[in-house]
Amino acid sequence: MEKSKVYFTDFRVQVGVSLLQKLKTLCLVAGIKKIDMEGKFVAIKMHFGELGNMAFLRPQYAKVVADLVKEQGGIPFLTDCNTLYPGSRRHAPEHMDCANLNGFNPTTTGCQIIIADGLRGTDETEVPVKNGVYVEKAKIGRAIMDADVFISLAHFKGHEMTGFGGALKNIGMGSGSRAGKMEQHSSGKCVVDEALCRGCRRCAKECGSNAITYENNKAHIDKNICKGCGRCIGACTFNAISNDEWDAGDKLDCKMAEYAQAVCQDRPCFHINLAMDISPNCDCHGDNDAAILPNIGMFASFDPVALDQACVDACQKAAPMPNSQLSDNLAKPDWKHYHDHFMDSNPHVHWKETLEHAEKIGMGTREYELIKVK
């Protein structure tokens, strides 16, 4: 397979040149204007950030993309789907409030916001997955599938279950309706190692299913109630919670790739990753730990697989940030070094399977040519 082109620009600027100008230039050089957008609805899929989280992308970046769409005659809208877990994005009114409080509105972004799976997260379209192995029909937020053109604008970061969150996660997990998210997470259920549990109860606060109770100051997870979403894994700072099915992480990654395939197949797509504020966990948390890696740059491509692979490779070459989860782990005398920044930050994750499976089902290729844009 021919190598895909991935375009990259760093965060260095000369006086008088803004990062927003650099992002616009990156998109133009990467070929966004090759897409016919005249009179077409264009979904810009992104994450508005959980309230309390400060690592999500600023709305000014979204406006750059929305303005480019309008320059090409398109009708852009920012979109995301509702969440499975408690927080500030469980249903559309709350989700819209969260987006507004985090700075996303028509004035700051130049376009409207539409929650793709509707009021309660049930407005979905079942989409047959080309070459699907784990998913026959993906449950995607209806507004995302109603769009003529799809653009992914993702914050590239670490993740407590999938290793990293980039284009494929933004597209696959993010575009799934509530039922779609449940399907992706449902391979395994979480279990507690009582020897490691400190009874801090943070996991119970994160659980959206009320599946966690306490006995003798130790957490217990009811598998009949647990959705397998993994929020408790990320919440536990003592590594006391894990998935009880050894390949559940693999299956989650593969299902996520298949959901991304369902979103992107058979229509024009363009993908942007901003590798900055690289927190160890998802922006779905109402907080964000210190960045594990320095700000790296902005990437764009028509191939989301090559795009994520390029970001992964750039991250692996970067030096860990001091006073971060990653550097703290590496400094432990008994730490098992994985020589992999994502696994050394969150040792129970799987991430390679996402890229491998996405390539296998024909979403793109991991082979890429990196083109530097000034």
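Not measured: the values here are computed from a predicted model.
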Colleague: Could you tell me whether Lys40 atom NZ has more than 12 heavy atoms of other residues or ligands within 6.0 Å of it?
Modeller: yes
Colleague: May I ask whether Tyr7 and Leu307 are part of the same hydrophobic cluster, defined by side-chain heavy atoms of I, L, V, M, F, W, Y residues being less than 4.5 angstrom apart, directly or through others?
Modeller: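 No, it is not one cluster - the side chains of Tyr7 and Leu307 are not joined through contacts under 4.5 Å.
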Colleague: Could you report the tightest heavy-atom contact between Asn105 and Ile113, atom names first, then the distance?
Modeller: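 Heavy-atom minimum between the residues: N-CD1, 4.1 Å.
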Colleague: Does any N or O in the side chain of Lys22 come within less than 3.5 Å of the main-chain N or O of Arg12, such that one atom is a donor and the other an acceptor?
Modeller: yes
Colleague: Find out whether Arg90 and Thr83 are in side-chain contact, i.e. whether some heavy atom of one side chain is under 4.5 Å from a heavy atom of the other.
Modeller: yes
Colleague: If you group Ile, Leu, Val, Met, Phe, Trp and Tyr by side-chain heavy-atom gaps below 4.5 Å, do Phe41 and Met46 land in one group?
Modeller: no
Colleague: Below 6.0 angstrom between ring centroids: does that apply to Phe156 and Phe164?
Modeller: yes
Colleague: Just so I know, are the side chains of His159 and Cys282 near enough to count as touching, which here means a heavy-atom distance under 4.5 Å?
Modeller: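 They are in contact (side-chain heavy atoms under 4.5 Å apart), so the answer is yes.
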Colleague: Where is the tightest heavy-atom contact between Val149 and Asp36, given as atom of each residue plus distance?
Modeller: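 Result for this residue pair: CG2-O, 4.1 Å.
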Colleague: Closest approach of Ala55 and Ser279, non-hydrogen atoms and distance?
Modeller: CB-OG, 4.0 Å
Colleague: Locate the shortest heavy-atom distance separating Gly163 from Trp351; write the atom from each residue and the value.
Modeller: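 It is CA-CB, 4.0 Å.
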Colleague: Mind checking whether Asp193 and Ser242 have side chains closer than 4.5 Å, heavy atoms only?
Modeller: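 In short, these two side chains do not touch, never coming nearer than 4.5 Å.
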Colleague: Got Ile241 and Ile221 here, is their nearest side-chain heavy-atom distance under 4.5 Å?
Modeller: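 Ile241 vs Ile221: side chains touch.
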Colleague: Tell me which donor-acceptor pairs under 3.5 Å the side chains of residues 361-372 have, and how far apart each pair is, sequence neighbours excluded?
Modeller:
{"unit_1": "Thr365", "atom_1": "OG1", "unit_2": "Glu359", "atom_2": "OE2", "d": "3.3"}
{"unit_1": "Thr365", "atom_1": "OG1", "unit_2": "Glu367", "atom_2": "N", "d": "3.0"}
{"unit_1": "Arg366", "atom_1": "NE", "unit_2": "Glu359", "atom_2": "OE1", "d": "2.8"}
{"unit_1": "Arg366", "atom_1": "NH2", "unit_2": "Glu359", "atom_2": "OE1", "d": "2.8"}
{"unit_1": "Tyr368", "atom_1": "OH", "unit_2": "Asp313", "atom_2": "OD2", "d": "2.6"}

Colleague: Taking atom OH of Tyr134 and atom CG of Asp253, what is their separation to the nearest 0.5 Å?
Modeller: 10.0 Å
Colleague: Thr213 vs Asp222, test: side-chain contact (heavy atoms from CB on, under 4.5 Å). Steps then yes/no.
Modeller: CA-CA 8 Å; Thr213 57; Asp222 187 333; over 6 Å; no
Colleague: I need the minimum non-hydrogen distance between Asn102 and Gly49, along with the two atoms involved.
Modeller: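 It is ND2-O, 2.9 Å.
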Colleague: Kindly indicate, with the supporting measurements, whether the criterion salt bridge (Lys or Arg N to Asp or Glu O under 4.0 Å) is fulfilled by Asp67 and Lys63.
Modeller: CA-CA 6 Å; Asp67 286 349; Lys63 189 175 190 300; 2.8 Å; yes
Colleague: Has the side chain of Glu71 got a donor or acceptor atom that lies under 3.5 Å from a matching backbone atom of Lys33?
Modeller: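 Such a contact is absent between Glu71 side chain and Lys33 backbone.
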Colleague: Between Gln325 (side chain) and Ser345 (backbone), is there a donor-acceptor pair under 3.5 Å?
Modeller: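 A pair under 3.5 Å: yes.
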Colleague: If two hydrophobic side chains count as joined below 4.5 Å and joins carry through other members, does Val263 share a cluster with Val65?
Modeller: no
Colleague: Indicate yes or no: does Lys130 engage Asp266 in a salt bridge with an N to O separation below 4.0 Å.
Modeller: yes
Colleague: Is it the case that one hydrophobic cluster holds both Ile35 and Val64, taking links as side-chain heavy atoms less than 4.5 Å apart, direct or via other members?
Modeller: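 Same cluster: Ile35 reaches Val64 through Ile, Leu, Val, Met, Phe, Trp or Tyr contacts under 4.5 Å.
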Colleague: Mind checking what makes side chain to side chain contact (heavy atoms under 4.5 Å, CB included) contact with His348, not counting sequence neighbours?
Modeller: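 Residues passing side chain to side chain contact (heavy atoms under 4.5 Å, CB included) with His348: Asn239.
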Colleague: Gln261 versus Val135: any side-chain heavy-atom pair under 4.5 Å?
Modeller: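 With C-beta onward as the side chain, the pair stays apart.
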Colleague: Within the distance-only criterion (no hydrogens, no angle test), does the side chain of His155 pair as donor or acceptor with the backbone N or O of Met276 below 3.5 angstrom?
Modeller: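 Answer holds: yes.
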Colleague: Under a plain distance cut-off of 3.5 Å, with no hydrogens placed, do Glu94 and Ser88 share a side-chain donor-acceptor pair?
Modeller: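 There is no such pair between these side chains.
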Colleague: Do side-chain atoms of Tyr259 reach the backbone of Lys139 as a donor and acceptor pair under 3.5 angstrom?
Modeller: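 At least one qualifying donor-acceptor pair exists.
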Colleague: To the nearest 0.5 Å, tell me how far Leu153 CG sits from Met298 CE.
Modeller: 11.0 Å
Colleague: Give a yes or no answer on whether the side chain of His337 reaches the backbone of His339 with a donor-acceptor pair at less than 3.5 Å.
Modeller: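 No, the answer is negative, given that no donor and acceptor are paired below the 3.5 Å cut-off.
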Colleague: What's the separation between atom CZ in Arg198 and atom NZ in Lys218, rounded to the nearest 0.5 Å?
Modeller: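 Rounded to the nearest 0.5 Å, the CZ-NZ separation comes out at 8.0 Å.
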Colleague: Got Met173 and Leu252 here, is their nearest side-chain heavy-atom distance under 4.5 Å?
Modeller: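 Yes, at least one pair of side-chain atoms sits under 4.5 Å.
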Colleague: Do Lys227 and Ser209 meet the criterion of a side-chain donor-acceptor pair at a distance under 3.5 Å?
Modeller: yes
Colleague: State the OG-CG distance between Ser4 and Asp303, to the nearest 0.5 angstrom.
Modeller: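 Going from OG on Ser4 over to CG on Asp303, the span is 3.5 Å.
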Colleague: Should Thr162 and Lys169 be marked as a side-chain hydrogen bond (donor to acceptor under 3.5 Å, both in side chains) after you check the CA-CA gap, both sets of side-chain angles, and the distance that decides it?
Modeller: CA-CA 8 Å; Thr162 60; Lys169 187 172 189 302; 5.2 Å; no
Colleague: Begin with the C-alpha distance, continue with both residues' side-chain angles, and end with the deciding distance and a verdict on side-chain contact (heavy atoms from CB on, under 4.5 Å) for Asp80 and Lys45.
Modeller: CA-CA 6 Å; Asp80 198 3; Lys45 170 64 184 72; 3.0 Å; yes
Colleague: Return the set of residues passing side-chain hydrogen bond (donor to acceptor under 3.5 Å, both in side chains) with Ser324 (not counting sequence neighbours), or none when no residue passes.
Modeller: Ser327
Colleague: Donor-acceptor pair, Ser175 side chain versus Ile140 backbone, under 3.5 Å?
Modeller: no
Colleague: Kindly determine whether Ser177 and Asp123 satisfy side-chain contact (heavy atoms from CB on, under 4.5 Å), including the steps that lead there.
Modeller: CA-CA 7 Å; Ser177 66; Asp123 188 14; over 6 Å; no
Colleague: Is any NZ, NE, NH1 or NH2 atom of the basic residue among Asp287 and Arg202 found under 4.0 Å from an Asp or Glu carboxylate oxygen of the other?
Modeller: yes
Colleague: Assess the side chains of Asp117 and Asn82: does a donor N or O sit below 3.5 Å from an acceptor N or O?
Modeller: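 Asn82 and Asp117 do have a side-chain donor-acceptor pair below 3.5 Å.
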Colleague: Heavy-atom count around Arg120 CZ within 6.0 Å, excluding the residue itself: above 12?
Modeller: no
Colleague: Does the side chain of Asp283 come under 3.5 Å of the side chain of Asn288 through a donor N or O and an acceptor N or O?
Modeller: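 Asn288 and Asp283 do not have a side-chain donor-acceptor pair below 3.5 Å.
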Colleague: Heavy-atom count check: over 12 atoms from other residues, nucleotides or ligands less than 6.0 Å from Arg142 CZ?
Modeller: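 Yes, enclosed.
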Colleague: Could you state the interatomic distance from CD (Gln21) to CD (Gln14), rounded to the nearest 0.5 Å?
Modeller: 11.0 Å
Colleague: Should we count CG of Asn210 as having more than 12 external heavy atoms under 6.0 Å?
Modeller: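 Open.
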Colleague: Nearest 0.5 Å, what's the OG-CD1 distance between Ser152 and Ile272?
Modeller: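 Going from OG on Ser152 over to CD1 on Ile272, the span is 8.0 Å.
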Colleague: Has Glu258 got a side-chain atom pairing as donor or acceptor with Val133's backbone, closer than 3.5 angstrom?
Modeller: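 It does hold such a pair.
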Colleague: Any donor and acceptor pair, going by atom type alone, linking the side chain of Arg89 with main-chain N or O of Cys284 inside 3.5 Å?
Modeller: no
Colleague: Please test Cys81 against Ile144 for side-chain contact (heavy atoms from CB on, under 4.5 Å), starting from the C-alpha separation and ending with a verdict.
Modeller: CA-CA 9 Å; Cys81 287; Ile144 286 174; 4.2 Å; yes
Colleague: Heavy atoms only: give me the nearest Gly74-Val42 pair and the separation to one decimal.
Modeller: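 Residues Gly74 and Val42, closest heavy atoms: CA-CG2, 4.5 Å.
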Colleague: Treat each ILVMFWY residue as a node, draw an edge where side-chain heavy atoms are under 4.5 Å apart, and state whether Val349 and Val312 are in one component.
Modeller: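 Hydrophobic grouping puts Val349 with Val312.
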Colleague: Are there over 12 heavy-atom neighbours, none belonging to Lys24, within less than 6.0 Å of that residue's NZ?
Modeller: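 Result for NZ/Lys24: open.
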Colleague: List the steps and the verdict of ring pair (Phe, Tyr, Trp, His ring centres under 6.0 Å) for Phe302 and Phe270.
Modeller: CA-CA 5 Å; Phe302 285 100; Phe270 188 78; 5.2 Å; yes
